[in-house]
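Here is the structure we will look at, set down as structure tokens.
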Amino acid sequence: MTIETIEDKAAPIRATGPVAATHGPLDLVAGQWPVLAFVACAVMLGAAHAFETFGKLAPCLLCLKQREVYWVTGAVALVTVVLTRTAWADRVRKPLILLIGLGFLYGAGLATYHAGAEWKWWPGPAACAAGGAASADDLVAMLKGVKIAAPSCEKAVWIFLGLSMAGWNALISLGLAVVSFFAGLRPKAA
């Protein structure tokens with residue numbers, strides 16, 4: 001094959017115009033965000049339950065409230081996944097993804113409030129002022145009907161790189177909210 005032969009074959013290809021744009025990683029994340037948001041909620045809930053089960057770190061009232069946010073946001077993400085595969089996809093996708101973003105943003109605010117209470121920047125809720133962790137004896141007592149105080153929301157029981165679990169949750173939730181708003185406001189890729 002000679003150079004002239006290659007040029008003859010390349011000319012029709014050049015005449016067809018530019019190659020169709022490929023989807024970049026941001027388009028892929030935005031396009032699959034409801035699935036990724038659902039997975040993120042499941043991972044965060046799994047991590048929280050692992051800390052409780054294997055790390056023996058009993059959750060306080062605010063910890064449980066933060067989990068509720070992931071349960072609700074995960075449910076909205078799952079509904080979004082289902083509805084975006086229906087005839088209503090074009091109408092519901094953007095509002096539901098923005099609703100997912102609001103869920104994550106609320107979770108970031110709640111986690112920031114919890115972290116601030118741990119750092120004594122402000123008081124935690126009165127219902128959270130107990131102390132200690134539940135032991136096996138406490139669980140037996142609960143089965144017998146004795147009321148056991150929940151752990152205090154104002155004491156961080158686990159710190160990594162200077163942040164408690166609530167602090168890490170605030171950062172992660174804020175990041176998930178930003179990605180949700182990005183995915184919801186990004187024009188749909190062709």
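These values consider heavy atoms only, across backbone and side chains, with no hydrogens, waters or symmetry-generated copies.
- If you chain together hydrophobic residues whose side chains sit under 4.5 Å apart, V178 and V76 never meet in one group.
- Between L176 and A40 the shortest heavy-atom distance is CD2-CB, 3.8 Å.
- Closest approach of Q66 to A111, counting heavy atoms only: OE1-CB, 3.2 Å.
- Between V81 and T84, the closest heavy-atom pair is O-OG1, 3.1 Å.
- Open room surrounds OH on Y106; 12 or fewer heavy atoms of other groups in view lie less than 6.0 Å from it.
- The distance from the NZ atom of K94 to the OG1 atom of T80 is 14.5 Å, given to the nearest 0.5 Å.
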| message | Using side chain to side chain contact (heavy atoms under 4.5 Å, CB included), reason through E52 and C63 one step at a time and then give a plain yes or no. | response | CA-CA 11 Å; E52 180 180 353; C63 293; over 6 Å; no

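- Minimum heavy-atom separation, R67 to L45: O-CD2, 3.6 Å.
- Between atom OG1 of residue T86 and atom CZ of residue R93 there is a gap of 12.0 Å, rounded to the nearest 0.5 Å.
- For the side-chain contact (heavy atoms from CB on, under 4.5 Å) with L110, the lone residue among V69, L105, N169 that qualifies is V69.
- Cluster membership for V72 and V179, using ILVMFWY side-chain heavy atoms within less than 4.5 angstrom, is not shared.
- Contact detail for A77 and F38: the closest heavy-atom pair is CB-N, 3.7 Å.
- The distance from the SG atom of C41 to the CZ atom of F104 is 3.5 Å, given to the nearest 0.5 Å.
- With rounding to the nearest 0.5 Å, the separation of CH2 in W121 from OG1 in T112 is 9.0 Å.
- From H49, atom NE2 reaches atom CE of M44 across 11.5 Å, with rounding to the nearest 0.5 Å.
- The nearest pair of heavy atoms linking W33 to S180 is NE1-OG, 2.8 Å.
- Under the 4.5 Å side-chain heavy-atom criterion for ILVMFWY residues, no single connected hydrophobic cluster contains both L83 and V35.
- Atom CG in L96 sits 11.5 Å away from atom CG in L78 (nearest 0.5 Å).
- V79 and W71 fall within the same hydrophobic cluster, defined by Ile, Leu, Val, Met, Phe, Trp and Tyr side-chain heavy atoms under 4.5 Å apart, directly or through other members.
- In the hydrophobic clustering of this structure, F54 does not group with F51; members are Ile, Leu, Val, Met, Phe, Trp, Tyr whose side-chain heavy atoms approach within less than 4.5 Å, directly or through other members.
- Residues I97 and F181 fail the side-chain proximity criterion, which asks for heavy atoms closer than 4.5 Å.
- Contact of the T73 side chain with the L99 side chain is not registered, since no non-hydrogen atoms from C-beta on lie closer than 4.5 Å.
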